[in-house]
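Accompanying notes for the structure given below.
Side chains are part of it too, since the values below use all heavy atoms of this structure and drop only hydrogens, waters and symmetry mates.
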Amino acid sequence: MLTSRCCNRKVIELTLRRSYASSGSAASATSGGKKKSFSASKNVSFKDMPKVAKIQPKPASPLEKDITPEQKIENLKSHQLAEIQQQHDFYYTPSFQQLGMLGNIHDLNEDWDNVTGIPLSSKDHYGVSEAHKLFNKKDHEEANIQFSRHGGDSIPYPRLPSNNPPLISAQTRYGGTFSRALLNDRKTLNSLSDTTLRLIDEYLKEVIINERISCFSLHTSTPGLIQSAGTDFVAMFEKRNTEYPQEYLKKLYKAMYLLAITPKPQINILDGLAVGSGAALTANSGIRVVTENAVMSFPEAALGYFPDCGSMRLLARMDGFLGKYLALTGRRLRAGELIQTGVGNFYMRTAHIPLIEDSLCQLPPNRPDRMFLHLDTHSDSFDDLVSQPTHYTTYREAIDRCFSKDTVEEIIEALHKERQHSDWAKRCIQNMNKSSPLGLKLTNALYRHVAEAKETISLRDLLSLEYKIANCLFEEGSDLWEGVRSNLVYGRAPNYRYKTLSDVTDSVIEDHFNFAPKGGEFVLRNMPNNSERFEEMVHEFYDNYYTEFTEQDSAMFRTTSGDPITDKHVQFIEEFYNRVPPQEYVQMQQIDEVLNIMSPEDLYRAY
């Protein structure tokens, strides 16, 4: 506004000079040609000058209706401030990815035949990863991912406007070798819509092919509230008479499979409510961080469906028959229970998540052991979560007594006979009576199938089987569509085709398991499941760095007589120095100090 004021002043001065010149020329004609200077004039009145209207900015008016996710992505692509740098080598730069920018998501294709399985190489601790070999040269050149030169630091939990896409790749505070993606579709509670799945697919491929990224995480833009509402059943219901349900399910299963086979550590941060396939994002990750706000549930049986996306492998590995109990009743697991059941590898509070993200930015390439140390350093004690008996510890024996039965009918009969926890048994029966009989029996049959072969069944084979069952449920008039219509669309009592458990015979279950989809079977490329490998590395880390501290050891440190250092403690010290030689330890410390004082540009050149 400063410019407009200066312009107005110049106009006023010019008007004054012109009016004075005309009056001065007339006066000089009558006074013998004698002119007066402008500064000598004292009869100018500014009050009589015309007022210039102030320039007001046009107020912003809200949109009449929200734009589509595709339009949001196009808006982000069209508002770049400078020319786009095209990088064919996919090298990391300090200004990698402007907040909310995923690059050109239309460049990477959906052809999975170009992907070849090469496990993560760890022979050289400080070497550059060979992740680029996961894609052929042709796919590598055609991808042509575009990144913005103008990044800028973001805050740990950025305030994201509503015009952002449902998944964003938010730049970390210090750049570095760590990348993070945030689910950001708040209107649908971060459901895995078709657009979200496409963005997840492209983000994972960018992470794999970028040699400067050592690890990445999936989080939510609403920490402590909603992680993901899972499968977009409503969209499939609205387009149930088309090929959309089959195509959507293929994208969903591909994204889950790619999440599991990614050769780089994926740190899943469960920080809010995760439902169904939203919880499968955690189930298909080997490194799982839970917060005090973490909640997980699998309520698909209530819709005439079953826990899919590979979640049944996690449920079948839980202690006893807890997994079957959760799948049949839809019961939620909360933070303390997620730690007790082994779902969570690490626990940290929501407020501390930014600390671990800042720490992971400084990881050297191909050093997962250092990553585990960073995670463990910032982990919090969960004693306050389990100081009181949890739902799991209270009813664990009753769960095994009732849900160890083979059939759903036998489970309900055992719940009726439960005497020690009769109120709990009544609640279980009520929840199961609200579910679809077909959904209950499919869930129980799939659980038994996976539990019997949990050591040999792969995620690839399980997804192929789940695709068969789901396609059988996509038929017109199925209990799935009735469950979605009654529970999610209209909110009325369902009218299922199979009204009782006795109506769902063994032949009905076999027909679903052996169903032949119209477009053929869903077969994914056979690749190593790296999520299982990373989970084993977590267990190895705890075995190597933690030793049980007994009460006898504690008493030795409290004693005031004798030698408190026993042979056992000497052995601990020797094992520590044998595992980490002092000279190497000092060198690592020196390297850390040098890296911390180097500028980001020099740091990336060094690697």
Side-chain angles (χ1 to χ4, degrees), residues 90 92 96-97 102-103 105 108-122 128-136 139-140 143 145 167 169 172 177-183 192 196-219 228 251-270 277-289 309-311 313-314 345 357 360 363 365-368 371-372 375 458-460 462-463 524-538:
F90 296 90
Y92 185 87
F96 174 73
Q97 291 184 331
L102 284 172
I105 63 171
L108 287 174
N109 54 39
E110 273 291 325
D111 187 6
W112 280 56
D113 294 333
N114 291 339
V115 183
T116 57
I118 299 179
L120 179 67
S121 175
S122 58
V128 180
S129 69
E130 300 177 351
H132 65 277
K133 294 183 180 180
L134 282 169
F135 291 85
N136 291 342
D139 191 25
H140 184 277
I145 300 178
L167 180 80
S169 177
T172 51
T177 58
F178 171 71
S179 176
R180 60 175 177 173
L182 304 177
L183 295 168
L192 300 179
T196 304
L197 292 175
R198 181 159 51 87
L199 294 177
I200 290 177
D201 180 80
E202 303 306 334
Y203 171 76
L204 293 178
K205 290 178 180 178
E206 289 181 17
V207 168
I208 292 174
I209 208 169
N210 192 331
E211 294 182 346
R212 292 301 182 186
I213 296 179
S214 297
C215 60
F216 65 99
S217 72
L218 290 178
H219 199 192
S228 176
K251 289 184 179 181
L252 179 62
Y253 288 0
K254 281 181 179 180
M256 295 297 173
Y257 190 62
L258 182 58
L259 194 67
I261 66 175
T262 301
K264 297 183 179 181
Q266 188 259 131
I267 304 169
N268 183 273
I269 303 176
L270 182 55
S277 58
L281 295 172
T282 301
N284 291 304
S285 173
I287 306 171
R288 303 179 290 269
V289 178
C309 297
S311 300
R313 297 175 73 246
L314 177 68
N345 306 128
E357 291 182 339
L360 292 174
L363 278 179
N366 283 347
R367 289 302 302 271
M371 177 187 64
F372 296 141
L375 290 171
S458 64
L459 176 62
R460 171 176 173 265
L462 180 58
L463 291 175
L524 289 164
R525 195 180 186 90
N526 191 10
M527 300 180 69
N529 191 335
N530 285 302
S531 65
E532 297 177 351
R533 180 188 174 202
F534 290 126
E535 187 172 5
E536 294 176 357
M537 294 175 66
V538 174

[X] versus [Y], closest heavy-atom pair with distance:
X	Y	value
L360	F178	O-CB, 3.5 Å
Y203	S179	OH-OG, 2.8 Å
L314	A283	CD2-CB, 3.6 Å
G310	L459	CA-CD1, 3.7 Å
A260	N529	O-OD1, 3.3 Å

Rounded to the nearest 0.5 Å, how far apart are [atom1] of [X] and [atom2] of [Y]?
X	Y	atom1	atom2	value
I200	L252	CD1	CG	9.0 Å
L204	L258	CG	CG	4.5 Å
L281	Q266	CG	CD	8.0 Å
I213	R180	CD1	CZ	13.0 Å
F534	T262	CZ	OG1	8.5 Å

* side-chain contact (heavy atoms from CB on, under 4.5 Å) evaluation trace for L192 with M256 -> CA-CA 11 Å; L192 300 179; M256 295 297 173; 3.9 Å; yes
Validation row: [X], [Y] side chains within 4.5 angstrom (heavy atoms):
X	Y	result
M371	P265	yes
V538	L375	no
M537	I287	no
T196	L183	yes

Taking only residues two or more places apart in sequence, or in another chain, which ones meet [X] in a side-chain hydrogen bond (donor to acceptor under 3.5 Å, both in side chains)?
X	value
S458	D461
S311	none
S214	none

* Take K251 and D201, measure what side-chain contact (heavy atoms from CB on, under 4.5 Å) needs, and give me the verdict at the end. => CA-CA 8 Å; K251 289 184 179 181; D201 180 80; over 6 Å; no
* If you measure from the Lys or Arg side-chain nitrogens to the Asp or Glu carboxylate oxygens, is any gap between E211 and K264 under 4.0 Å? ->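 A salt bridge is absent here (no side-chain N lies under 4.0 Å from a carboxylate O).
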Donor-acceptor pair, [X] side chain versus [Y] backbone, under 3.5 Å?
X	Y	result
N530	I261	yes
S277	C309	no
N268	R288	no
R460	L524	yes
Y257	M527	yes

* Verify the distance criterion only: is there a donor paired with an acceptor across the side chains of N284 and S531 at less than 3.5 Å? =>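 Side chains of N284 and S531: no pair found under 3.5 Å.
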* To do: Walk me through it: do L259 and L218 pass the test side-chain contact (heavy atoms from CB on, under 4.5 Å)?
  => CA-CA 10 Å; L259 194 67; L218 290 178; 3.8 Å; yes
* Asked: Out of T177, I267, V207, which one pairs with F216 under the side chain to side chain contact (heavy atoms under 4.5 Å, CB included) rule?
  ->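 Considering T177, I267, V207, a side chain to side chain contact (heavy atoms under 4.5 Å, CB included) with F216 is found only for V207.
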* To do: List the steps and the verdict of side-chain contact (heavy atoms from CB on, under 4.5 Å) for E532 and E535.
  => CA-CA 5 Å; E532 297 177 351; E535 187 172 5; 5.5 Å; no
